[in-house]
2 protein chains.
Amino acid sequence: MRTGEAAVLEAHGIKPSAQRVAIADYVLHTDEHPSADEVWERVKRVFPMVSRATVYNTLNLFVAKGLLRHLVLTEGRLVFDSNVDKHHHFIDEETGKIYDLPWDTLEVSRVEQLKGFDVRDYQVLVRGKKRRTRGAR
Amino acid sequence: MRTGEAAVLEAHGIKPSAQRVAIADYVLHTDEHPSADEVWERVKRVFPMVSRATVYNTLNLFVAKGLLRHLVLTEGRLVFDSNVDKHHHFIDEETGKIYDLPWDTLEVSRVEQLKGFDVRDYQVLVRGKKRRTRGAR
DNA sequence: TCTAAACTTAGACTATGTCTAATGTATGAG
DNA sequence: CTCATACATTAGACATAGTCTAAGTTTAGA
Ligand SMILES: [Mn+2]
Ligand SMILES: [Mn+2]
Ligand SMILES: [Zn+2]
Ligand SMILES: [Zn+2]
């Protein structure tokens, strides 16, 4: 377990129970965009007694407190994103994997001038196939 | 019922049963981005005996034949879009309603130059609140 | 130590979508 | 026209994701 995880939770007004720290320890540090049940599977490895309800409750609590965002991008899965800054997403249509695209790699023009809509937020959703990166990963 | 719906289905290699024509008659002409169960509710008004399985089968068939697209935009609902041309989407966060944004109202720069990704398709997903349009609708 | 609030748990419940087995319908060969 | 066959439809079972509930456990303060 990473040290300091409890402090992060407290700083966001969350009581750091053992279960919550174990969940945070995984979900706040991954870029895998996991679903709730994937988080549950992962957390059970180090905390076998944790219940499904606690994982769902905790993830929803983290979203409410601004530690996570949830995204609806692929069929039948609500996924959680530890990157709470503005960014875009790329979905590999073969693997289903979701990749972050930093905000300034793309630029969207005229979005603030949409007539009849008050824009609160936007992102570009790109689909395709990720190229195999030589060597690494 | 609109005339000519059966011909549209046949042109796409689909046998125009009465159920399929009734489904097409609604879903190919709405801009409401309905879910499958919403299509079922609607079609039952004019075809009370239609089964849920037939509606799901038919919608999936229409997608396979290119008459519809399905979109994953909001939690727990796969919605169907009769607009199969490239376009963006606006989601009203209060009502959940989905609005089409024509392709050329927005412009995305640098999307083809993403390093390491083969882009097949993309869209901008905008969230916010739709302003009340004076008068109409 | 005692109490109350907060948290966790197992499992029931709901909603969306798929699958299956039986029944119904269209079609064309004879 | 008859009937065999393929295709379509149906009701309901099944699968999965997510929420809710009621009971038990932990925590922290008086
Ligand atoms: Mn951390
Ligand atoms: Mn038509
Ligand atoms: Zn992300
Ligand atoms: Zn659309």
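Every chain is numbered from 1, with letters handed out A, B, ... down the list of sequences. No experiment lies behind these values; they were computed from the predicted model shown.
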Find every protein N or O atom lying less than 3.5 Å from an N or O atom of nucleotides 8-13 of chain D, and list the pairs.
{"unit_1": "dA8(D)", "atom_1": "OP1", "unit_2": "Arg20(B)", "atom_2": "NH1", "d": "3.0"}
{"unit_1": "dT9(D)", "atom_1": "OP1", "unit_2": "Ser17(B)", "atom_2": "OG", "d": "2.4"}
{"unit_1": "dT9(D)", "atom_1": "OP1", "unit_2": "Gln19(B)", "atom_2": "OE1", "d": "3.2"}
{"unit_1": "dT9(D)", "atom_1": "O3'", "unit_2": "Gln19(B)", "atom_2": "NE2", "d": "2.9"}
{"unit_1": "dT10(D)", "atom_1": "OP1", "unit_2": "Met49(B)", "atom_2": "O", "d": "2.9"}
{"unit_1": "dT10(D)", "atom_1": "OP2", "unit_2": "Ser51(B)", "atom_2": "N", "d": "2.9"}
{"unit_1": "dT10(D)", "atom_1": "OP2", "unit_2": "Ser51(B)", "atom_2": "OG", "d": "3.4"}
{"unit_1": "dT10(D)", "atom_1": "OP2", "unit_2": "Thr54(B)", "atom_2": "OG1", "d": "2.9"}

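Distance Arg77(B) CZ to dT14(C) C1': 16 Å, rounded to the nearest Å. The distance between atom CG of Leu61(A) and atom P of dG18(D), rounded to the nearest whole Å, is 17 Å. Spacing between atom CG of Leu78(B) and atom C1' of dT18(C) amounts to 13 Å, rounded to whole angstrom units. Atom CD1 in Ile23(A) sits roughly 13 Å away from atom P in dC7(C) (whole-Å rounding). Summarising the geometry, the separation between CD on Glu10(B) and C1' on dT27(C) is reported as 14 Å, rounded to the nearest angstrom. Summarising the geometry, the separation between CG on Leu59(A) and C1' on dT8(C) is reported as 15 Å, rounded to the nearest angstrom.
Residues of residues 33-45 of chain A having a heavy atom closer than 4.0 Å to DNA chain C: none are found.
A ring-centre distance under 6.0 Å is found for Tyr122(A) and Trp103(A).
Geometrically, Lys130(A) engages Tyr99(A) in a cation-pi contact, judged by NZ or CZ lying under 6.0 Å from the ring centre and within 45° of the ring axis. With a 6.0 Å cutoff to the six-membered ring centre and a 45° limit on the axis angle, Lys129(A) does not count as a cation-pi contact of Phe117(B).
For the pair Asn60(B) and dT18(C), the criterion of a side-chain N or O lying under 4.0 Å from OP1 or OP2 is met. Close to dG18(D), at under 4.0 Å from its OP1 or OP2, lies a side-chain N or O of Tyr56(A).
Using a cutoff of 4.0 Å between basic side-chain nitrogens and carboxylate oxygens, Glu38(A) and Arg77(A) are scored as salt-bridged. The existence of a salt bridge linking Asp92(B) and Arg127(B) is excluded, since no basic side-chain nitrogen approaches an acidic carboxylate oxygen closer than 4.0 Å.
Considering all non-hydrogen atoms of both residues, Ile98(A) and His33(A) come closest at O-ND1, 3.4 Å.
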Checklist entry - Between Asp100(A) and His89(A), does a side-chain hydrogen bond (donor to acceptor under 3.5 Å, both in side chains) hold up when you go through it step by step? => result CA-CA 5 Å; Asp100(A) 285 346; His89(A) 287 99; 3.1 Å; yes
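Within the model, atoms CD of Glu10(A) and CD of Glu5(A) stand 12.0 Å from one another, a figure rounded to the nearest 0.5 Å.
A distance-only check finds no donor-acceptor pair linking the side chain of Thr54(A) to the backbone of Val50(A) [under 3.5 Å].
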